[in-house]
Number of protein chains: 2
Amino acid sequence: MKKETKHVSVVEKPLLEHAESVIRKSLLEHRGFVVIGFCEVDYRGRASSKLEAGDRIVIIKEDGAVLVHRPTEYSPVNWQPPGCLFETRRTNEGLSIRAVRRKPREVLEVIFKKIYVINTLNLTDKGVFYLFASEEDMQKAIVLNPSLIEPGLRITSIEKKVEPGFVDLCGLSKEGRLVIIEIKRKTAGKDAAIQLAKYVEAIKPFTEREIRGILVAPDIAKDVQPLLATLKLEFKPLSPKKCAEILNKRRTVKILDYLKTNMQNV
Amino acid sequence: MKKETKHVSVVEKPLLEHAESVIRKSLLEHRGFVVIGFCEVDYRGRASSKLEAGDRIVIIKEDGAVLVHRPTEYSPVNWQPPGCLFETRRTNEGLSIRAVRRKPREVLEVIFKKIYVINTLNLTDKGVFYLFASEEDMQKAIVLNPSLIEPGLRITSIEKKVEPGFVDLCGLSKEGRLVIIEIKRKTAGKDAAIQLAKYVEAIKPFTEREIRGILVAPDIAKDVQPLLATLKLEFKPLSPKKCAEILNKRRTVKILDYLKTNMQNV
DNA sequence: GTTTCCATTTCGTCA
DNA sequence: TGACGAAGTGGAAAC
């Protein structure tokens, strides 16, 4: 493997002068790199922040995104989204890397006092990412299999506009009652029940049929139960996991998109 | 510097067997590490996902957090929050690292086919992180300096409970009218105006005084202007940046916390 | 471009 | 521990 096609080049414990030239070269060639070192971080933009010196992992990606990670925690302590412009310079403080974003104007500055290692990257990632069982996927699973909600249910419209917003699903029960479905992919709170009730009220003037509001969610918060009774709504438990399984069996997304487009005006 | 106190140990292009032992050791010693390599990723939990093979940066932190980053984009394509348990094993597929989270039960599996480099970490980060100009800072700035809103205004309560939720600030204007303040740190939309109107309505039954609702934000969305007129609300422009400047002058956070605690029941 | 809403949101606080 | 709201939220779709 030739040096130019190496996936990762490592420089350990470089002097800051050396580090500067390695980083400048990477930035110039639009290559990503990972720097692990002792640094301070300043941020000015929508808000302002100051991070005192410590050991961090700094990732600068080829698209101009920046992530500053502490040794613990999920989220970066500071960051910059893709599309940044960079400046590096030596100061008596150390080695500074500034990432500038326009619109909104935001500046992130990382000042390295010591660098333990630089990983220069030359990565290729063509892999497709598939995500299943978002709220939308739950909706699709119900359209594919309305009996998930109740036997004999027929879905008649998807994302129907009903002034306060959009009703997730509408349908007809086997007794011919209008069914309004609100989907939540996690434990439904009061807000979901209230929202559904508003939809039901908003639709009443437009139909002679009796209306049932059904809240579909894996669970409801315990204080929602009495509210459902008050508002005369029903609750049907349905987990995103079960929806994912159904979608895994029937990967007919194109048909679904067709339905979604054409059932709007039902 | 002794080997044991090295901040970062690098292993380049290890065989998967060697990589496995390095990673096992890191996990056992609760050390974080960064692996750059060619891998597939599977996730099962609140949702499900599959990521086809490609080059990625995988960070496993000492607190059991996992981040899988592609060569571009701000956010990790897959992740796991702190507190995971790990299993590693060799398969004919490659080297698998499973990160398991309980509650909710979620499993993230990274299967490496090739590893370009492993950075084993031994980092120390005691630096304090300061963030200015959050919404809470705006609130504090107004309490410290109510004339930011209008001369003669006196703040009487903070985060007062008012059934739909909590009113950011309440006060009395110099003409003796009750002032209800809703703060947004960015451009306020319809929702903010509606929320404020609800608070005003909710408070009316409890006072003889005339009530003014003031929306405080750097700006308002253009369709909110007529809504404000309809709802008889006022708008006072105020930027988080200006608030940050005021707080920088008066770093009396403790006094503020005291106020916040004791004005609840006004 | 702006607005709105979802997210494997995450992250805090508070009851 | 659950519930609720803010975030330098980010991101996508709709208008």
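Just so we're clear, the structure is a prediction, and the values are computed from it rather than from any experiment.
- At the heavy-atom level, K241(B) lies nowhere under 4.0 Å from the strands shown.
- Take the nearest nucleotide of DNA chain D for P82(A) and for K103(B): the residue whose nucleotide is more 5' is K103(B).
- Of all the residues in residues 181-192 of chain B, R185(B), K186(B) reach under 4.0 Å from DNA chain D with at least one non-hydrogen atom.
- Note on ring orientation: taking the six-membered ring where Trp is involved, the planes of H69(A) and H69(B) are perpendicular (angle over 60°, cut-offs 30° and 60°).
- Panel note: side chain S96(A), backbone I111(A); no donor-acceptor pair is recorded below 3.5 Å.
- Distance E136(B) CD to dT9(D) P: 15 Å, rounded to the nearest Å.
- Rounded to an integer number of Å, the gap from CZ of F129(A) to P of dA7(C) is 13 Å.
- When the P atom of dG8(D) is taken as reference, atom CG of D42(A) falls 16 Å away, rounded to whole Å.
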Worked verdict on N78(A) versus S49(A) for side-chain hydrogen bond (donor to acceptor under 3.5 Å, both in side chains): CA-CA 8 Å; N78(A) 279 113; S49(A) 73; 3.1 Å; yes

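- Side-chain N/O atoms of D223(B) and base N/O atoms of dT3(C) include no donor-acceptor pair closer than 3.5 Å.
- Atoms CD1 (I220(B)) and P (dT2(C)) sit 15 Å apart, rounded to a whole Å.
- Among the heavy atoms of the strands, none lies under 4.0 Å from A133(B).
- Partners of E73(B) under the salt bridge (Lys or Arg N to Asp or Glu O under 4.0 Å) rule, at least two apart in sequence or in another chain, do not exist in this structure.
- Contact check on E182(A) versus K184(A) returns a salt bridge, with a Lys/Arg side-chain nitrogen under 4.0 Å from an Asp/Glu carboxylate oxygen.
- Here the separation of dT4(C) from dT8(C), taken at their P atoms, is 22 Å to the nearest Å.
- At a threshold of 4.0 angstrom between heavy atoms, the contacts of E106(A) include nucleobase atoms, whether or not backbone atoms are also involved.
- Here dT9(D) presents its C1' atom at 7 Å from OH of Y74(B), a figure rounded to the nearest Å.
- Of all non-hydrogen atoms in A192(B) and L215(B), the two that sit nearest each other are CB-CD1, 4.0 Å.
- In this structure, R46(A) atom CZ and dT9(D) atom P are separated by 5 Å, rounded to whole Å.
- Annotation: of the two residues near DNA chain C, A47(B) and S75(A), the 5′-most nearest-nucleotide partner is A47(B).
- By the 6.0 Å contact criterion, NZ on K241(B) is open, its count of non-hydrogen atoms from other residues, nucleotides or ligands being 12 or less.
- Between the P atom of dG11(D) and the CG atom of L131(A) lies a distance of 15 Å, rounded to the nearest Å.
- One interatomic measurement links the two molecules: CG of L227(B) to P of dT3(C), which rounds to 13 Å at whole-angstrom precision.
- Using a cutoff of 4.0 Å between basic side-chain nitrogens and carboxylate oxygens, R46(B) and E106(B) are scored as salt-bridged.
- Using the Watson-Crick or G-U wobble rule with both distances under 3.5 Å, dA15(C) pairs with dT1(D).
- Formation of a donor-acceptor pair under 3.5 Å by the E62(A) side chain with backbone atoms of H30(A) is not found in this model.
- Taking 4.0 angstrom as the limit, W79(A) places a side-chain polar atom (N or O) nearer than this to OP1 or OP2 of dG10(D).
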All N/O contacts under 3.5 Å from nucleotides 12-15 of chain D to the protein, with atom names and distances to one decimal?
none

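- Using atom C1' as the reference point in both dC14(C) and dG8(D), the two lie 25 Å apart (nearest Å).
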Step-by-step side chain to side chain contact (heavy atoms under 4.5 Å, CB included) determination, K61(B) to I59(B): CA-CA 6 Å; K61(B) 295 196 182 183; I59(B) 302 177; 3.9 Å; yes

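- With distances taken from any side-chain atom of R101(A) to the nucleotides dG8(D), dT2(C), dA7(D), the minimum falls on dG8(D).
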